[in-house]
Peer 1: 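Starting off with a structure, shown below.
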Amino acid sequence: MTIRIRLGLILMLIVPLVCSAEVIVDGAAIANEADGRNWTSYGRTYSEQRFSPLDQINADNISQLGLIWSLDLPGENGLVSTPLAVDGVLYFTGKFGNVTAVDVLSGKMIWRHDPGAIAAAGDRLRVMWGTNRGAAFWKGKVFVGTADGRLVALDANTGEQVWSTMTVDPRTPLYITGAPRVFNDKVIIGNGGAEVGAVRGYVTAYDTATGKQVWRFYIVPGNPADGFENDAMAMAAKTWTGEWWKYGGGGTVWNAITYDPEFNLIYLGTGNGAPWNQKIRSPGGGDNLFLCAIVALDADTGEYRWHYQTNPGETWDFNSAMDIVLAEIEVGEKPLKVILHAPKNGFFYIINRENGELLSAKPFAKVTWATHIDMKTGRPVEVPGARYPAGEVTMWPGPFGAHNWHPMSFNPKTGLVYIPYHDLAGYYNDTKIRPAEWRHEGFNFNVGVADFQDDIPADAGTSGLMGWNPLTQNAAWKVANPGMWNAGTMTTAGNLVFQGRADGKFLAYRADNGDKLWTFDTKLGISAPPITYQIGDTQYVSLLVGWGGGIAMAGGSLGAQHGWVYGRHPRRLLTFALDGEAKLPDTLPPQYVTPMDPPAFVIDEQRAIAGGNLYGKHCAWCHGSGAVAAGGTPDLRASQLFLDLGALEQVVLNGALHANGMPKFPSLKSDDLISLQHYVRKKARKALLAEN
Ligand code: CA
């Protein structure tokens, strides 16, 4: 025992000196479930279980868990990234794809790499939130996808660029928010953008040493006149109708990519259609492969192996891009290697990894669009009217999903999956749209069925954390969460599950029964999942704090309810260990925006309606539904700019705040700004009347 402790002390002393030379992060290291020292990949290991075998911090002593340091991160905004921990150094991604390395023992920054994505993004700055979910690590290099679509390899010791390659055509609206994954000396990345233009999704694998492309796989077929890239695309084309290629088709792989070393397969979780509305995209119907599916590819060649489609003919933004977790569980008393998947559509799927066979599917949240999944055909049995044949429908879930990208975790000891879930309806309305005439208008929110002109009320839905038993397809336990958009989870052999919440509380629960054991107030909404790792003899927990992502941007009052105001609360990296006694530095309390309403301003109703249409397409995506900012951007109702048309013109038409991430909109005219002003003033006045 003495020897072990001494060794630990010696390691603690030499680790900062030798840095990452000690551990080689390769395929064997990322596959090693039993070694809890490092967190080497987005989901910790290839299985993406986010389960750590460490148990120094456990259900019996969690009350002693305390902060050991916090690091303020000026210039950051929404932080949604899973840090990596390698040899005592944390690597995490932030705004638009910058990367920071922090030494855990000192709590100090080692290096920071800014890829300059805001300047490089061009027109795409209008369509991106600038969040980034994480980096990858392989043999001394850190890999990141930048918001403007580059894949960059950095030297892990210095943060200097080793190579950079452009993964998208910069003339398209494609951008990157997701984490790359590494396997067999290859690094793979996808992209996003199916809400904002005629895009065709794909993934590309590159050589980790050189950045040279190894293979690329498209998710949806292109124009048949150009020929198909492979047999899979020829097969997929038979499931599309009309002239889908003119709309891009969508199917972006913006989040879920899992490598399975046991079968040497890559599993992709594919995105929604572009546009969402199938009446436009594929007017004669059809399954529209490979939208909203899990697609398995040969990891060496990128060749198609199998697929399972969760939403044939998707028309609701029900992408299957939520994390894909690998596990071995007993199905019918036989241990099987399976995928666990809880996509937006509200069903929990268990799929055979070897061949894509559906083994089980049951709803884990409120679902009204389908009655069940038919186990004979593997297809959902949709409710009449779900496809809004008469032009509108309200149903559960909606575009924000019963579960979104906030990662779930799986604990092999409890057998439970910890899912942050939503019960939130969606409203789809295409009554004002003529499908045959509808066209994408470049670089703005454009989905053919909905926009975010109207606010989303704070009580629009409910959310929670559940321990889901995949064997019985039931929740073993559930706890309510505040509001919506609570963060992803991490679970440990110490019978714990950790989760950060939208209200800024960081909690630990007993993994087997959901008893709440520990709470820490981080004083800002949490959107990133925690990690755990070990240096010497000490187990640590680290977490990024920085309200961010969809509901923190477009969510209106649903996201604004916690009082996180743009630029007000410091973004931070926090690290905890047993007996930690550090105090979080002071921070301003939550605040609620007070809209301005100059009484002399006469609102022109027609102008306000025209402005609302412009707002829904161009502004709501970042500045919030119904002109209510949800914390990720300034609230326009309280903005001085909207009282001064000259200044507004400088910002919106000429790009005066471009360096901050505010894009310019050269397609808008000065007259459009007047309409926008009337819309924003109307929303401000309405909000003040409602309060009084
Ligand atoms: Ca989407």
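Keep in mind that the numbers below use all heavy atoms, side chains included, and drop hydrogens, waters and symmetry copies. Counting starts at 1 for both ligands and their atoms, in listed order. Throughout, numbering of the chain's residues begins at 1 and tracks the sequence.
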Peer 1: Determine, for Tyr218 and Arg200, whether the Lys NZ or Arg CZ falls below 6.0 Å from the six-membered ring centre while staying within 45 degrees of the axis.
Peer 2: yes
Peer 1: Checking one value in my table: which N/O/S atom of Glu195 lies closest to the Ca ion (ligand 1)?
Peer 2: OE2
Peer 1: With carbon and hydrogen excluded and only N/O/S kept, which atom of Asp317 is nearest the Ca ion (ligand 1)?
Peer 2: OD1
Peer 1: Does the ring of Phe143 carry Arg181 above it, NZ/CZ under 6.0 angstrom from centre and within 45° of its axis?
Peer 2: no
Peer 1: Using a strict threshold of under 4.0 Å (side-chain N to carboxylate O), is an ion pair present between Asp455 and Lys683?
Peer 2: no
Peer 1: Please find out if the Ca ion (ligand 1) and some N, O or S atom of Thr252 are separated by less than 3.0 Å.
Peer 2: no
Peer 1: Verify the neighbour count for atom CZ of Arg387: are there more than 12 heavy atoms of other residues, nucleotides or ligands below 6.0 Å?
Peer 2: yes
